[in-house]
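Computed from a prediction, not measured in an experiment: that's the story for all the values here. Note on naming: letters A, B, ... go to the chains in the order of the sequence lines (proteins, then strands), and numbering restarts at 1 for each one.
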Amino acid sequence: MIEGIPIQHFLIVSTIMFFIGIAGFIMRRNLITILMAIELILNSVNINFVIFNRYLYPDQLQGHFFAIFVVGIAAAEASVAIALIINIYRKLKNIDVENVNELRY
Amino acid sequence: MESQSLILFFVIALVLVGGAIAFSMLIAPSSFNPAKSEPYECGIPTEGPAWIQFNVGYYLFAIIYLIFDVETVFLFPWGVVMKQIGMRAFIEIIIFFFVLGLGLLYAWKKRALKWV
Amino acid sequence: MTEEIIKDVIIGESEDYIINVGPQHPSTHGVLRFEVCLQGETVKYLIPHIGYIHRGIEKMCEAITYPQIIHLTDRMDYLSAHINNEAVCLCVENALQVEVPERVKYIRTILAELNRLASHQLWWSAFGMDLGALTTFFYGLRDREKILDIFEESFGSRLLHSFVMPGGLMHDVHPNFQKGIKEFIKYFRKKLPEYDQLLTGNVIFHQRAKGIGLMSKETAIAYGVTGPSGRGSGWSCDIRKIAPYSAYDKVQFNECLETEGDTFARYQVRMREMHESLSILEQLVDNIPEGDYTAKMKPIIKLPAGEFFQRVETARGELAVYIVSDGNKSPYRIKFRTPNFSNLFVMNTITSGYKIADLVAVSGSLDLVIPDIDR
Amino acid sequence: MLSREELTEIIRGIVPEAEFPEGTQLTEAIVPAGKLVELTEKLKADKQSAFDYLISHTAVDFNTHFMAVYHLTSTQHHHLLVVKVKIEERENPEIDTLAKVYPTSEFFEREVFDLFGIRYKNHPNLKRLFLEDDYGYPLRKDFKDEVNMIER
Amino acid sequence: MGIKIKSMKYEDFGDNESLELLNTLGDRVFMTTVDNLINWGRSNSVWPLTFATSCCGIEMMAAGASRHDFSRFGIEVYRASPRQADVIVVAGTIVNKMVPVLKRLYDQMPEPKYVIAMGACAVSGGPFFYNTYSVVRGVDHVIPVDVYIPGCPPRPEALLYGVMQLQRKIKGESFLKPGENANSIL
Amino acid sequence: MSFNIIMFYLFSAIILVFSLLTITSRRILRAAVYLLFVLIATAGLYFLLEYQFMAAVQLTLYAGGIVVLIIFSILLTHHISHRFKHPDLTKMIMGIAVAVVGSALTIYTILTYPFPQTITVTELPATMENIGMQLLGVEKNGYVLPFELISILLLAAMVAAIIVAKKGNDKNAEI
Amino acid sequence: MTPNLYDFSTLTGAIHEWLSGMMSPGWVTFTELVLIGLLFLLFFALLGLFLVYLERKVCAIIQNRVGPNRVGKWGLLQTIADLIKLLIKELIPIRKSDKFLFNLAPFIVIIASLMAMAALPFAKGLQAIDFNIGVFYVMAVSSLGVVGILLAGWSSNSKYSLIGAMRSGAQIVSYELSVGLSLLAIVVFSGSMQLSTIIESQADGWWLFKGHIPAFIAFIVFLIASTAEINRGPFDLAEAESELTAGFHTEYSGIKFAFFFLAEYINMFIVAAIAATVFLGGWMPLHIGNWEGFNQVMDFIPSIVWFFVKTFFIIYVIMWFKWTFPRLRIDQLLTLEWKYLLPVSLVNIVLIAFLVLMGWHF
Amino acid sequence: MNSISKYFKDMFGGISSLWAGMRVTGKYFVSPRAIVTQQYPENRATLKMEERFKGEIIMPHDENNLHACTGCGICEMNCPNGSIEIITNRVPNAEGKMERIIDKHIYHLSMCTFCGLCVKTCPSDALAFGQKFEHAVFDRSKLTKVLNQPGSSLRKEAKK
Ligand code: SF4
Ligand code: SF4
Ligand code: SF4
């Protein structure tokens, strides 16, 4: 808990970040950029978990643990996603989302 | 105090690198010739772009690394309390390791750890 | 960069990734250039480009006299300068049918072996450095200095001596010659085990050298890879045995053969050759007969018209000198069949399929001297 | 190890029109250009001669003609043989390549091409080895290069 | 003259005339402290480019080895990339085909850069002066040379001596008046 | 204003600016680097909140792990001179609209929601002991089940990644 | 434990007292921070220079040479001359490179190493930041350095750089696992991640000795893995001279190159310091069982001396590695990590857990 | 099982071989007497080249400034790369016959390869090798030397 900063400020930051992620997710066509947008989203969610924990329930560590698990899952997700992306790239020599349709044989 | 010192070190590093580079840029002599800003390749003009289509080798290790890194993260809290909890922690970690060992074994058997 | 190239690469139509190793590159030991095509880190194929130090020695020789040629042969394979000189001298002496004194033969053989040792020491140093073991460089050169001291005492220079002349030697060796060699043998016998501990036995070195750059005996013969590199593939190609010259028929020595044909085998051949050279030196150094240091020669050497051919074994393989004479004091045409020239072109065959790091190891194990290739 | 006479016999058996100069240091055989590949192939395959190793190949410019010179030896018997081919044409000399028989020949031939300008038919990769593409052929006796060469 | 090299007297050096000429032409009336400091740094840390074409390269290696030990002068850091090198020691013959490569390497080095021509070949073509069609007769036709070391090959000590000569030349430079330093005269 | 407050606003600014840059940059590697900045700044926030372990996890896994992996994959699939085309107008408008509307709504909700202002419970500092005890605990606040489950998740991820990667490799085995 | 005679906390405390007597608390903090900052800046630079000098001398002696000896006494000023030279060397801008990332790379590398250094306990009471996650923090921060290397290699637009960067990327991330696991071994032993607590726990003996064979294995694994992680020989593939000329910093000149150089040495110092702290008791004097007299004599040596002696010993060992061994090939390097070090350290952790469970460590 | 025992054997064999290498370097580290460096500028006073050392070509002059060169030009002819140029004068001698004497014996140090042919073939032993090796200069023209000192002349007995 930071003295003098209300919880809302944190939440606003994470909200904006979340929606920036969403916008990137919609706007971008490159798979890796999309992955990065997802990481942004996850990150903002993480901030929320931690903030709620810190501000509202400082007697427990639930949000903290949730955040850690989210990070772990994000890592697992990223590794599989990257494996997929590179595999797609090796097949199509291109990693734009549109082209991924071609993957449906 | 701690986070403040962290910022401090960050700033020191910035000042050190930035200051030195700025200083150097200001006073170092310079000359121009067309070959100078070309990439170096043993004195021969480069052909083609500097870009390799790497095979799976490099990134597969990065992927497996990431997964093991997650594991390390979870191991550290365990390590701290291992002494206090004792037997139960030991069993828990044996299970944890067993599952991960399976993963490593799988990668090994699948020759994912072999450089291609 | 043009759009096409970007497209080419991004779309992946051109898969070849060409990288230049050399001309200025620490691992090529000179100005050799390999155009290496890579797939990831694996060498797909490799094209050697030479001529970055082509000095036209054969053309120069057509305008100068035989004694003057000697100083150019020094500069071809500067690491076995004596042996190069000897090759030309033997060829000229054969043509003139001059019998050189026994003393000269003995001294020439000793010089050749010393030179071989010095060359192998330098190779060992550089090979270790290629593989990243930086200290070998200093130990090898440290011991090499001892040989150079002997050279300098007798001939006044360290690397290129021009000491062997048609008909004999430039002048007699220094009185301390034998003593110096005996001291050196004692010294170097003590240092050789260190070489083994530092590199030969090292597990990392084994990993880097064993099974790398496999060259079969057939490949070696087909590409004419002679010298220690060829012998590492099990080809007994030692001219000292096949057609003994100078005093080689008077000494006992083994031809070092290994059959694996990999980098490690080539390494082992050279290491064993160092031991052999030491034993040859031991046999010869006490028995140098007294006598003149040169045969009677006319002041101006003119070869009879005809063609003359002489093979010798340098530190890197077979050097053949082919002289076409029209009876003048300078050769009509002289051709040096240098060992490195043939040894180089096997590189593509024996490196493709290995890693780029192996390229360094293999080229180090072939022990190339670039000016000898280009001449 | 075959003696000079035996070698002569074998070669005569393959190329009847071969010439054998007398009084040379090594056994020499001058063969017509068309027979070169056949001769070397047979000499290599023959168990008796087994010339499997090309020591060196070069050419000599005799002002009127070129002489391509091949030094052959056997890794088993260690006998030496010099095979020579006369090339009369000076403007556009041509000869068959031996790259199929002796892989090492490929590079000797490139060197000869570089220095003498002799072209090799069917050569896999006939490019200049040492010099730039548009340079003369320096080992020819009539080679002149006023810019780069200072004669003494 | 104020140029001092450790362990060796000014009079013991050869070719002092050229050095003095360089300095007078460069209008080096006085040296500032800053100049002294910079020149001290530069002259004691000349990192050579790994560049050896032939026989002289072996003696260059020998100079780096234990017996003669280049590194005492602070030059042991052989850099393989011209970006990090200060001096290019042209050790060996330069032939026409090599000229563009050498030029390019020299061009790619950052300022200030120096050239040492080591050995007869690099100084003048040496043994390959006459009758050859491919050798460059002295690297000064290609790149500006600071110090010439004759010999074929020069002893390692001669190379060390040459390096000290280069240090003397560097010490005579003026950083604050770059247009007038000794390097630009030759 | 105390130091922490300055730092908070600084970090927030970094986060916002660089996450915007991440999705707008036309050079992909730069986007990855901006993402790195965002993640590091987030770690800075966690440091401010005195959740040091969380911050370090953020650094190792996000900044040192995921971003490195992303950079790796960029190095494998893109060339340095590669620039993205500008996105389609429709997509861009859609993205911006969704973002603006969504964030406006959410921020409105946040601002109007009555968060409790004072917390009375005693704080449980996020020391390693507490974290470890809870992580391995089997009681009410114990996380031993997720702890074991995550190992299975990781196993699955690893197997999946290897299968996927290897499959592509076999197909192009000859290159 | 007898109280240490040279406790730096008294000194720092005194300074704090003195400052608070003169100004308001906020300013005190500020002044202290600036002081620490300046000190570290100085220390960082001098340490880097000294390590470079040390390396030169060590390798010279190993190689029967004398090493730099013409600049200053014993050549001590050699690296200063190098610094001056590099500082006024031209910075070459590379065409077609990504300028922003090209310039960013040295920043990242230096920041990572400096931030990691912040957590090192130099002596009793002389530690800038004492996190309760100390060990993990150092790992986390130093794992950022690899990003700098990857960026440097990519943005140079040179082939050698790119290969070098890819190599070191794969290498550093791989070896980080073993580093983490071998550090974890000591965390299990001491039950804490705070560096100061780990040191305290070694008051009656270093973990290297107390921890039986598993601690020794962990120490060896840590040495190997950290040598690899800082890209030093025999694992210096990223800048393998004989293959890639200068690896990822091929295109960097002048002071930017100097920073990569500096970071390499500082990183070496950091891993050596961590090894000394975690395995060899940091600034703790050497104590042997019940030898009271001996222990007291040891206590007379200041803690900072102990720290530096141990650290420099480890640095020497790392240098010794470099100047003895040939370089590994990239696939062998990864094999070593994944097939030897990682399984060994995993098994080792279980062993240690078992030891701790049975209470068999001292 | 076999492969597992090999795994461990490899590991320990490898470690012991590494240790063998480290022993060698470690031994040298603790024995500074093994340092073989000759510190060149410092040892200048004691540094003595071998008597046969070929540093440069000199023409020995005695105390009367006399040398032995007759100007025959044999060295010029024999030098493989033209490092020697001889400029002679024709002057009448005591008997009134025109005689060739050396005017300038020009020696290009920058080109000499120290092959020794000139020294060996000189019929009157007028040339010798000097021991000086510190030749580095800033100006290439400084490397061209005139070997006969100004005002020197031919030693009479050398004529025989
Ligand atoms: S000067 Fe002499 S030693 Fe040096 S490269 Fe030329 S020929 Fe070789
Ligand atoms: S030096 Fe000797 S060879 Fe030369 S011109 Fe004089 S006398 Fe004749
Ligand atoms: S030593 Fe040789 S190169 Fe030198 S001047 Fe004499 S003959 Fe010429």
Q: Would you say that more than 12 heavy atoms from the other residues, nucleotides or ligands in this model lie under 6.0 Å from the CZ of G/F313, or not?
A: no
Q: Between chain E and each of G/P68, G/G254, G/S253, count heavy-atom pairs under 4.5 Å; write down the option with the most.
A: G/P68
Q: Check each of G/D82, G/L86, G/T79 against E/S45 using the side chain to side chain contact (heavy atoms under 4.5 Å, CB included) test, and report the only one that passes.
A: G/D82
Q: So which residue, E/P110, E/G41, E/S43, ends up with the most heavy-atom pairs under 4.5 Å with chain G?
A: E/P110
Q: Checking an interface table here. Which of residues 53-63 of chain E come within a heavy-atom distance under 4.5 Å of chain G?
A: none
Q: For E/N44 versus G/A81, what's the shortest heavy-atom pair and its separation?
A: CB-CB, 3.9 Å
Q: Is G/K89 close enough and on-axis enough to E/W47, meaning under 6.0 Å and within 45°, for cation-pi?
A: no
Q: Looking at every non-hydrogen atom in both residues, tell me the closest pair between E/R83 and G/Y252 and how far apart they are.
A: CB-O, 3.6 Å
Q: What are the two closest non-hydrogen atoms of E/D69 and G/V66, and how far apart are they?
A: OD2-N, 3.2 Å
Q: Which heavy atom of G/K85 sits nearest a heavy atom of E/R42, and at what distance?
A: CG-CA, 4.0 Å
Q: Below 4.5 Å, heavy atoms only, C-beta onward: do E/S71 and G/R56 meet side chain to side chain?
A: no
